[in-house]
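Reckoned from all heavy atoms, side chains included, excluding hydrogens, waters and symmetry mates.
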Amino acid sequence: MIRARGAGALLPLLASLLATTLPAMQAQAALAVQVLDAAGQPVPNAVVYAEPATPLPAPTKLRQVEIEQKNKTFFPLVTVVQTGTPILFPNHDTVRHHVYSFSPAKTFELKLYSGVPGSPVLFDKAGTVVLGCNIHDEMVAYVQVVNTPYFGVTDRSGTAHLDGMGNGKYTLKAWYFRMGPNEAAVEQPLQLQGEARAAIKLNVKAVPL
């Protein structure tokens, strides 16, 4: 009898725990997005990001990202970061570089240097940032700064995977460097529930990797 009463007392507690735990477990979602060009071909190096209908609180600190210079080229060509991310620009060439950007989202200048700069550059405003080198005009790269932690860059198949999302409403956006720095990202509404796939078509011609 004592055991029966103890088990009975546990049932409401177990039910309460399941009621609070299961929604949290079910709230996780993942999204695979394929970006296609005007001809229906996959677009590699496209930025994909999802903005939740209810904005998330700004993070207190974000992990540092690197964009290196090697063989007079920026690596990677396209980078996407959340607003507030510091980016370091190590120079692994035997020649000095002068990295700069005149973009409204981030204007900065790292004058002639070799090796690793003393401090990273903080990308604190959403938008497109075009990078260049004042010495080597052929060097160019792009940074897309977004107000969401859910983002990615498409691979050779034109696909990006956005993990760690919660179920709910989002605005799904895609941007490609051939669109130009002043052209807004293409967007479409998204209702996410569990694992899902989506496609976005851009009016561009893809550049193969």
Side-chain angles (χ1 to χ4, degrees), residues 33-39 41-49 61-149 151-162 173-186 200 202-209:
V33 183
Q34 186 176 39
V35 180
L36 304 173
D37 69 5
Q41 296 300 308
V43 181
N45 273 328
V47 171
V48 176
Y49 54 107
K61 188 176 182 180
L62 292 170
R63 181 179 61 86
Q64 180 175 286
V65 172
E66 289 191 2
I67 298 176
E68 68 172 329
Q69 301 139 65
K70 190 174 181 180
N71 299 325
K72 298 180 183 178
T73 304
F74 286 111
F75 292 99
L77 171 64
V78 177
T79 301
V80 55
V81 296
Q82 187 173 359
T83 307
T85 298
I87 299 181
L88 193 65
F89 294 88
N91 178 6
H92 298 307
D93 276 331
T94 56
V95 297
R96 294 191 295 171
H97 291 302
H98 185 143
V99 179
Y100 73 93
S101 173
F102 294 141
S103 301
K106 190 63 184 181
T107 299
F108 73 97
E109 189 175 19
L110 299 176
K111 295 185 178 181
L112 280 173
Y113 71 97
S114 298
V116 181
S119 59
V121 178
L122 184 65
F123 285 69
D124 51 2
K125 182 179 179 181
T128 302
V129 180
V130 182
L131 305 175
C133 175
N134 203 33
I135 306 302
H136 308 98
D137 292 340
E138 70 275 16
M139 292 178 63
V140 64
Y142 306 87
V143 180
Q144 189 76 355
V145 188
V146 300
N147 287 323
T148 175
F151 56 77
V153 177
T154 56
D155 57 19
R156 290 180 182 274
S157 69
T159 303
H161 296 273
L162 280 58
K173 298 186 177 184
W175 178 87
Y176 188 53
F177 65 92
R178 281 293 182 94
M179 293 170 59
N182 299 318
E183 189 170 348
V186 173
I200 296 181
L202 303 180
N203 188 27
V204 298
K205 179 176 175 56
V207 178
L209 288 179

>> To check you understand the geometry: which heavy-atom pair defines the closest contact between G158 and P42, and what is its length?
In response: N-CB, 3.8 Å
> Taking C-beta and beyond as the side chain, do V130 and F177 meet within less than 4.5 Å on heavy atoms?
Replying inline: no
> What are the two closest heavy atoms between L122 and P86, and how far apart are they?
Replying inline: CD1-N, 4.0 Å
>> Under the rule for side chain to side chain contact (heavy atoms under 4.5 Å, CB included), what residues qualify as partners of A184, not counting sequence neighbours?
In response: none
> Side chain of S103, backbone of S101: donor and acceptor closer than 3.5 Å?
Replying inline: no
> Which pairs with one or both residues in residues 67-97 pass ring-ring contact (aromatic ring centres under 6.0 Å, His included), sequence neighbours excluded?
Replying inline: F89-F108, H97-H136
> With T79, which residues qualify under side chain to side chain donor-acceptor pair (under 3.5 Å), at least two apart?
Replying inline: none
>> Looking at every non-hydrogen atom in both residues, tell me the closest pair between Q144 and T128 and how far apart they are.
In response: OE1-OG1, 2.6 Å
>> Could you report the tightest heavy-atom contact between L62 and T83, atom names first, then the distance?
In response: CD1-O, 3.3 Å
> Do any pairs count as a salt bridge (Lys or Arg N to Asp or Glu O under 4.0 Å) and have a residue in residues 114-129, sequence neighbours left out, and if so which ones?
Replying inline: K106-D124
> Can you list every pair that meets salt bridge (Lys or Arg N to Asp or Glu O under 4.0 Å) and has a residue in residues 66-83, with sequence neighbours left out?
Replying inline: none
> Under the ring pair (Phe, Tyr, Trp, His ring centres under 6.0 Å) test, which residues partner Y100, sequence neighbours left out?
Replying inline: F102
> Looking only at heavy atoms, which two atoms of L202 and V35 are closest? And how far apart?
Replying inline: CD1-CG1, 3.6 Å
>> Against F151, only a single residue in V145, V48, V146 fulfils side-chain contact (heavy atoms from CB on, under 4.5 Å); can you say which?
In response: V146
> So, do V207 and Y176 sit near enough that their side-chain heavy atoms are less than 4.5 Å apart?
Replying inline: yes
